[in-house]
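Side chains are part of it too, since the values below use all heavy atoms of this structure and drop only hydrogens, waters and symmetry mates. We name chains A, B, ... by the order of the sequence lines, and we start the count at 1 in each one.
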Number of protein chains: 2
Amino acid sequence: MQHDTPIPPSGKRESGDCRRLNIAAAARAIIVERGLEGLRTRDIAARVGINIATLHYHVPSKEALITLVADSLRHDFQAQALRNSRDGKTALELLRLEFADFRETVHETPELIIVLTALIEKARRDPAIGAIMTPLYDFWRAQFVEIFRQGVAEGSFRANLDPASAALITTGALTDYWRQWTSFRASFDNLTQELEHAFIAQTIPSKDQN
Amino acid sequence: MQHDTPIPPSGKRESGDCRRLNIAAAARAIIVERGLEGLRTRDIAARVGINIATLHYHVPSKEALITLVADSLRHDFQAQALRNSRDGKTALELLRLEFADFRETVHETPELIIVLTALIEKARRDPAIGAIMTPLYDFWRAQFVEIFRQGVAEGSFRANLDPASAALITTGALTDYWRQWTSFRASFDNLTQELEHAFIAQTIPSKDQN
DNA sequence: TCATCAATCAATCATTTGATTGAGGTGTGG
DNA sequence: CCACACCTCAATCAAATGATTGATTGATGA
């Protein structure tokens, strides 16, 4: 829950970039805990272990701070998207890779999805945030569009499948799954299984799954 | 955007219940415009046309106010859910009825979904809101679960369909769609069409569509 | 050694914001 | 007409909050 890069206890200094990373991480943690409406510059400074004035030295305003968070989110997402090679795989393999990536992201850095949805919500009414978040979300969905397009071409996915709509359904289902604190206990495996069934060309009932 | 029940311009009074309705509506409008983090009691009072103290007379605290909004949301949703009879319909008809209901809700009271998602977000960290929103969201999803269960029993939906996961996919796709594409368009038809394809038994056996 | 600059902080400001107080008004039953 | 419940407001409070100021510290290069 604390900083990944601990701050030296004594009077040592941090570089500007490093500080901005600390600040973004602290802001994200607070957004997870108390939401955007509970985000206070003082709390962020306290969490980083610096004075409010120092925070304002590195990040001029609260608006800039939220933009910083959005940027850090984009950075993390893109870094994650490039970890696994996508070459020479079938559409189904790619789809499962995406599911695995999402599961891994959710497990390793669960706050990522929470902050993402919070900022996407904000993006609707804040153009500056929208400029960052919309391309990010579009990029994620575009990956699915491409997978579905390929799958249809391969013949492994339904012929009447609309890649754009299918991608929308998939990203929607995944994010909504994350919102699933409720009594509604569908497992992630059930969900992805169901998504596969929804898009795969149903052959005559022969066991084909590996 | 304004009150459904206009306030008499002169010094007339409103009944407590009516005032609370006005207040809830104003609060919802502001949440749509500025999000939960932009919700200010003064703005609500101004929108209703009353003094801040009067607002506090009717709704003791901001927390109670958000609870009021959640309650009003539940009221609207349940009223909407009971408009159309569900008896004697096939699963596919019921599914389409749900889609039509969603579309209608979005058209008539577009702020409903926005405020719903905002409060569901808040529900994760606020038990009082969770107590209201969780059953509400579960209720919506449970309707889909029942439809899918029926459809599988009827044989019109895939035999290997998991009702719970399918419901999650459906509610997720609908809410996520609405979150981003606030301009409602033909693509909604594409989305629902794709959802139908995803769940309907595709088939070699015979044509079964109506 | 010293000038310079990035980084930091204590103190403080000016608003904002949720909430309260006390003093009325308005309608209704008796 | 009175009393009483219900409703409303102007004025105000105390705390929270985003931001600024002016001074200080440590590192770096000339």
Side-chain angles (χ1 to χ4, degrees), chain A residues 3 5-31 33-70 122 126 128-129, chain B residues 3 5-31 33-70 122 126 128-129:
Chain A
H3 334 279
T5 43
I7 296 170
S10 93
K12 283 283 162 242
R13 276 132 185 253
E14 290 286 332
S15 81
D17 283 345
C18 184
R19 266 283 178 264
R20 287 169 63 89
L21 285 180
N22 293 153
I23 291 170
R28 278 159 57 160
I30 292 178
I31 290 174
E33 286 174 21
R34 282 172 269 187
L36 272 175
E37 73 268 28
L39 188 66
R40 300 283 172 266
T41 54
R42 276 171 172 75
D43 295 340
I44 298 169
R47 195 171 203 111
V48 176
I50 59 176
N51 190 280
I52 320 155
T54 306
L55 186 141
H56 272 93
Y57 170 80
H58 292 287
V59 184
S61 68
K62 192 177 183 181
E63 191 186 328
L65 186 122
I66 297 189
T67 303
L68 174 71
V69 171
K122 187 175 184 64
D126 186 331
I129 303 302
Chain B
H3 332 279
T5 42
I7 298 170
S10 92
K12 284 284 161 239
R13 276 138 182 248
E14 291 287 332
S15 80
D17 283 345
C18 183
R19 267 280 179 265
R20 287 170 64 90
L21 284 181
N22 293 153
I23 291 170
R28 279 160 57 160
I30 292 178
I31 290 173
E33 285 174 21
R34 286 179 278 223
L36 273 175
E37 74 268 29
L39 188 65
R40 301 284 173 266
T41 55
R42 275 171 171 73
D43 295 341
I44 299 169
R47 197 171 200 109
V48 176
I50 58 177
N51 190 279
I52 319 153
T54 305
L55 186 142
H56 272 92
Y57 170 79
H58 292 287
V59 184
S61 70
K62 192 177 183 182
E63 191 187 327
L65 186 123
I66 297 190
T67 303
L68 174 71
V69 170
K122 186 175 185 65
D126 185 332
I129 303 300

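Rounding to whole angstrom units, CG of residue A:Leu36 and C1' of D:dG18 are separated by 16 Å. In this structure, the CD1 atom of A:Ile50 is 15 Å from the C1' atom of C:dA10, given to the nearest Å. The distance between atom NE2 of A:His58 and atom P of D:dA19, rounded to the nearest whole Å, is 16 Å. Across the protein-nucleic acid pair, A:Leu55 atom CG and C:dA7 atom P stand 13 Å apart, rounded to whole Å. The distance from atom CD1 of B:Ile23 to atom P of D:dC7 is 11 Å, rounded to the nearest whole Å.
The shortest non-hydrogen separation linking B:Glu37 to B:Arg40 is O-NH2, 3.2 Å. Shortest non-hydrogen contact noted between A:Ala45 and A:Leu55 is N-CD1, 3.6 Å. Residues A:Leu39 and A:Lys62 come closest through the heavy atom pair O-NZ, 2.9 Å.
For the OP1/OP2 pair of C:dC9 and a distance below 4.0 Å, the side-chain nitrogens and oxygens of A:Thr54 include at least one atom meeting the criterion. OP1 or OP2 of C:dT8 lies within a sub-4.0 Å distance of a side-chain N or O belonging to A:Arg19. Side-chain N/O atoms of A:Tyr57 include none lying less than 4.0 angstrom from OP1 or OP2 on C:dT8.
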Could you go over nucleotides 15-22 of chain C and give all protein N or O partners under 3.5 Å, atom names and distances?
{"unit_1": "C:dT17", "atom_1": "OP1", "unit_2": "B:Arg40", "atom_2": "NE", "d": "2.4"}
{"unit_1": "C:dT17", "atom_1": "OP1", "unit_2": "B:Arg40", "atom_2": "NH2", "d": "3.4"}
{"unit_1": "C:dT17", "atom_1": "O5'", "unit_2": "B:Arg40", "atom_2": "NE", "d": "3.2"}
{"unit_1": "C:dG18", "atom_1": "OP1", "unit_2": "B:Lys62", "atom_2": "NZ", "d": "2.9"}
{"unit_1": "C:dG18", "atom_1": "OP2", "unit_2": "B:Thr41", "atom_2": "N", "d": "2.9"}
{"unit_1": "C:dG18", "atom_1": "OP2", "unit_2": "B:Thr41", "atom_2": "OG1", "d": "2.9"}
{"unit_1": "C:dG18", "atom_1": "N7", "unit_2": "B:Arg42", "atom_2": "NH1", "d": "2.5"}
{"unit_1": "C:dG18", "atom_1": "O6", "unit_2": "B:Arg42", "atom_2": "NH2", "d": "2.8"}
{"unit_1": "C:dA19", "atom_1": "OP2", "unit_2": "B:His56", "atom_2": "NE2", "d": "3.2"}
{"unit_1": "C:dA19", "atom_1": "OP2", "unit_2": "B:Lys62", "atom_2": "N", "d": "2.8"}

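Of the possible polar contacts, none joining the B:Arg47 side chain to the B:Ala27 backbone as a donor-acceptor pair under 3.5 Å is found. Not a single donor-acceptor pair under 3.5 Å links the side chain of B:Lys122 to the backbone N or O of A:Gly35.
Within the 4.5 Å cutoff, the side chain of A:Asp126 has no heavy atoms near those of the A:Ile66 side chain.
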